[in-house]
Amino acid sequence: MAGNGLCKPREIVMRYLIYLSILIFTVSCSNASSTSEAIKPSKEEKYNWRLVTSWPKNYPGLGMAPERIADLVEEMSDGQMTITVYGAEEQVPAFGVFDAVSSGSHQMGHSGGYFWKGKVPAAQFFTSVPFGLTADEINAWVNRGGGLELWREIYAPFNIYPIPAGNTGTQMFGWFNKEINSLEDIKGLKMRIPGIGGEVLKEAGGIPVTLPGGELFTALQTGVIDATEWVGPYNDLTFGFHQAAKYYYYPGWHEPGPMLELLINIDAWNSLPNHLQVIIETATKAVNQDMLDEYLAKNNQALTELIEVHGVELRKLPDDVIEEFRKISNKILDDLAKEDEVISKVYDSYLKFKNNVSAYHQISEDAFVESRNK
Ligand code: CA
């Protein structure tokens, strides 16, 4: 090397142009397989990505899903790709995840689509809407019923590629310090309940409040709010809500099966070799199901503990209250679809799927579970 001496700038440019010409000639004369080798990223290149979330670091269920995706990707890629997972506020605020991935400041995020309803109102259908799809049903709609194509279409303008990434299953309506015996008891009720569920409560005469999870216990204990929803027995037990409220109400009509999302910056996604894209898709699909399994297994254990050890009083919402919430929900969703073309397109697909799958479930799962439990 020493004998070559230093090149002058013009020589460097010339050499570069000659190299480029050879490269173009080689590529254009090659067959398909060697073409892909020449232009695709090296299979040896290491990728170290950062993933921001809307959850406390390592929070049971919600926060563990992205950790498991990261572990699986590292193992399946034999260490070629590592993903560092950050809890909410560590790098960006809980509700700053979408913008971080959209801008490319972080390659990945893990969150819930209904948090972005201000920017992408239709995103709520890919998490949960009141009286909407259950976990199994939304998995089927998104993965096999045309939902995923719509989801990717509405996130593409934000330079984001979404993948379904977890589900809590049907949630609980939540924790109350007073009994709900009629619609009158909803009037003036100050409850933490986000999203369209909150709009329904407001329409029924209640006062919806939005607060992050970490502030809920104190707000409930000090009477700042009369009631709160969170997730279900597994997560609610970890927050100790049973020490601040007496009644635990069901069903969680407002969140029947919320799907979480892995968000990937599209430029970062396109920079990956195909096999790493397949690994990420496959690992995330596995975790999407694993998280649902985890919640089902842990929820029923936690519910038993809440009732038998902590003396929690389980209550079902009266039928007329549920009926009123359902009527209001349907009206709010219909009105939303009338106002917005994108929502209309998504809602149309969602509603058709819901009607068909409901009819099928009535004569399959619903009928079977009813006969089993009698
Ligand atoms: Ca919730």
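Scope of the values below: all heavy atoms of this structure, side chains included, with no hydrogens, waters or symmetry mates. Just so you know, ligand 1 is whichever comes first in the structure, and atom 1 is the first atom listed for that ligand.
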Under 3.0 Å: N/O/S of Trp230 next to the Ca ion (ligand 1): yes

Carboxylate-amine/guanidinium proximity below 4.0 Å for Lys352 and Asp348: yes

Any donor-acceptor pair under 3.5 Å from Glu137 side chain to Thr134 backbone: yes

N, O or S of Thr168 under 3.0 Å from the Ca ion (ligand 1): no

Tyr161 and Asn270 side chains, donor-acceptor separation under 3.5 Å: no

Identity of the N, O or S atom of Glu255 lying closest to the Ca ion (ligand 1): OE2

Name, closest N/O/S atom of Glu229 to the Ca ion (ligand 1): OE1

Arg315 with Glu313: basic N within carboxylate O range, under 4.0 Å: yes

